[in-house]
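Encoded as structure tokens, the structure appears first; notes follow it.
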Amino acid sequence: MNERRLAMPAKYHVLSRPVLVLLCASALLAVTACNGNQPESRTVVKDSGTRITVMDDHSESVYTKLQLEGIDRIEGVRALDWISGDTLVVSRENRSLKPQTVEGVMRYPVNLYSHNLADGTQTPLLEGESDYGAALMSPDHKYLFYRQIDEYIGDGYVMNLESGQSVKISEAPFSSEEGEWVDDQQLIFPDMEGSIWRKDVNGSGGIILKPGVPYVHEVVQSGEVIYYVTGEDMQLSAYNTGTKETTVLKKNIVWVIPSPDGSRLALVERNRPGEMVLTLCDTAGNEQSRLAAGQQVFGTSWSPDGSKLAYSLIPGDSGSAQSGVFITEAETGEQTPVLADIEISDRLRWSPSGNALLASSTVPKEGALSFVAYVIRLS
């Protein structure tokens, strides 16, 4: 079984990177720099009717100087990305439309909306009988890449946010987990046959690489280099678009996340069964440091300035280590845990300014899974 997917309702197979069950409560953990031998203390406060546990954790870990300013909880939405510093793109059920019966279950279409953090209002971006999701903003925040979803696959579209007009960019449906911006105007993604496509916001472009294997995934371009993973041994390769040369970097790679300036790679590697390791490497795959290890490392995301990495972690030994969302300083390895006891559903997303982090989770509700979004505000 592919470890990247867990069973979820069909309409939520959008961006189905592993749904991490970090216990089953909805407590939130905030830890600041502290002295190593003091006892643990807890304060429980209420925020919009939600109990939030704020903890001083005095374990042996080394923490950054980050301060947690607050956490906003948004019920019933899957937060996908930042449109701006105060507006999100979210997906949610459109209950103004008639529900559809899928495999004997009544479901509403999932549509796209902008969510204003200041007043909580939502404005439709794309509504209709189809499911829309897996949305990702362009680096300049002028275009929205999204998918029209059918189970694990979908057709790719780009919406001009100023005009509201969309252009289809894929020739055929591809995995809803794939697709990344190359720059302000171009996207890259693999098709179901293993070819790698590059398309611009007008739908122009085509196949730029055929690795010669049927399953190509984790495709991302940084500068002139395209990184991708293939095969049962999860081989990470780098294709230079200038020299047309391909170099095999490493094996057993689950995810590759280039830094914003392209000078380093954050790699999640399957070290052995039941253990994943987050490492910092140069562009040749040479390890520079190990940042985290556990049963699962997921959602890794660079801060806009490339100084920090956010990720979620399930430790190999749940009895002696913390599960949750962490932020680590790339240069020093200093670590701050910021969330605990939630289910992480997608890659963590930094705000354009780098002073907030976006996370989505699923919680049991009335016998089903319901999405909840968290905006973690930092200083």
Side-chain angles (χ1 to χ4, degrees), residues 3-4 17-18 20 61-62 64 139 177-178 180-183 188 190 196 209 211 213 216-316 325-336 347-350 354 357:
E3 292 183 31
R4 301 174 64 201
R17 309 267 185 179
L20 305 185
S61 297
V62 178
T64 68
E177 297 180 348
E178 298 293 337
E180 296 287 345
W181 286 94
V182 176
D183 52 33
I188 192 167
I196 296 176
L209 180 62
V213 293
V216 178
H217 54 105
E218 310 312 318
V219 177
V220 61
Q221 182 168 343
S222 178
E224 290 189 330
V225 180
I226 297 172
Y227 299 97
Y228 60 93
V229 176
T230 57
E232 293 184 0
D233 59 357
M234 295 182 292
Q235 175 179 286
L236 173 63
S237 298
Y239 172 75
N240 190 301
T241 58
T243 64
K244 312 299 182 184
E245 295 179 347
T246 299
T247 304
V248 176
L249 302 184
K250 295 176 80 72
K251 294 184 178 180
N252 298 317
I253 299 302
V254 184
W255 290 290
V256 53
I257 311 98
S259 62
D261 65 0
S263 65
R264 293 179 292 183
L265 303 175
L267 301 180
V268 176
E269 180 179 356
R270 182 174 290 113
N271 206 27
R272 59 176 180 265
E275 182 179 83
M276 292 186 184
V277 179
L278 174 61
T279 62
L280 195 59
C281 301
D282 63 20
T283 54
N286 299 309
E287 184 176 310
Q288 297 174 335
S289 61
R290 293 196 171 195
L291 302 180
Q295 180 182 349
Q296 180 66 272
V297 181
F298 169 68
T300 308
S301 179
W302 288 92
S303 62
D305 64 1
S307 67
K308 301 176 184 65
L309 280 159
Y311 57 91
S312 61
L313 173 71
I314 293 179
V325 175
F326 296 81
I327 297 174
T328 293
E329 297 283 348
E331 295 301 330
T332 66
E334 294 179 336
Q335 184 187 75
T336 300
R347 183 185 296 181
L348 299 161
R349 299 289 179 189
W350 290 87
L357 193 62

* To do: Determine yes or no for a side-chain-to-main-chain donor-acceptor pair under 3.5 angstrom, with S259 supplying the side chain and G306 the backbone.
  => no
* Hey, could you give me the OH/CD1 distance between Y311 and I327, rounded to the nearest 0.5 Å? => 10.0 Å
* Structure fact -> One should read off an interatomic distance between K250 NZ and S237 OG, to the nearest 0.5 angstrom, of 13.0 Å
* To do: Taking only Lys NZ, Arg NE, NH1 and NH2, and the carboxylate oxygens of Asp or Glu, determine whether E218 and R347 approach each other closer than 4.0 Å.
  => no
* Asked: Of all heavy-atom pairs between S263 and T283, which one has the smallest distance, and what is that distance?
  -> O-CG2, 3.6 Å
* Determine whether V325 and L357 make a side-chain contact, defined as any pair of heavy atoms from C-beta on separated by less than 4.5 Å. => yes
* Asked: When you measure from the side chain of S301 to the backbone N and O of R349, does any donor-acceptor pair fall under 3.5 Å?
  -> no
* To do: Output all residues satisfying side chain to side chain donor-acceptor pair (under 3.5 Å) with D305, sequence neighbours left out; order by chain, then residue number.
  => S303, S307
* Asked: Hey, which of L348, L291, I257 is the one that makes side-chain contact (heavy atoms from CB on, under 4.5 Å) with L309?
  -> L291
* Hey, could you give me the CG/CD distance between L280 and Q288, rounded to the nearest 0.5 Å? => 5.0 Å
* Structure fact -> Closest non-hydrogen atoms of L249 and A238, given as atom of the first, atom of the second and distance, are CD1-CB, 4.0 Å
* Measuring from E287:CD to L265:CG, what's the distance to the nearest 0.5 Å? -> 12.5 Å
* Identify the two heavy atoms, one from T279 and one from C281, that lie closest to each other, and give their separation to 0.1 Å. => OG1-SG, 3.5 Å
* Indicate yes or no for a side-chain donor-acceptor contact from W181 to the backbone of P139 under 3.5 Å, with no hydrogens or angles considered. => no
* Asked: So which of V248, V213, N252, I253 actually passes side-chain contact (heavy atoms from CB on, under 4.5 Å) with Q235?
  -> V248
* **Residues which pass side-chain contact (heavy atoms from CB on, under 4.5 Å) with A293, listed by chain and number, not counting sequence neighbours** => V277
Distance-only criterion, 3.5 Å: show the donor-acceptor pairs between side-chain atoms of residues 221-229 and protein atoms not counting sequence neighbours.
{"unit_1": "Q221", "atom_1": "OE1", "unit_2": "R198", "atom_2": "NH1", "d": "3.0"}
{"unit_1": "Q221", "atom_1": "NE2", "unit_2": "G223", "atom_2": "O", "d": "2.9"}

* To do: Could you tell me whether the side chain of V219 reaches within less than 4.5 Å of the side chain of E180, counting heavy atoms only?
  => no
* To do: Hey, could you give me the CH2/NZ distance between W350 and K308, rounded to the nearest 0.5 Å?
  => 6.0 Å
* **Nearest heavy atoms of M276 and Q295, plus distance in Å** => CG-O, 4.1 Å
* How long is the gap from CH2 on W255 to CG on L267, to the nearest 0.5 Å? -> 12.5 Å
* Salt bridge or not for E275 and R290, using N-O below 4.0 Å? -> no
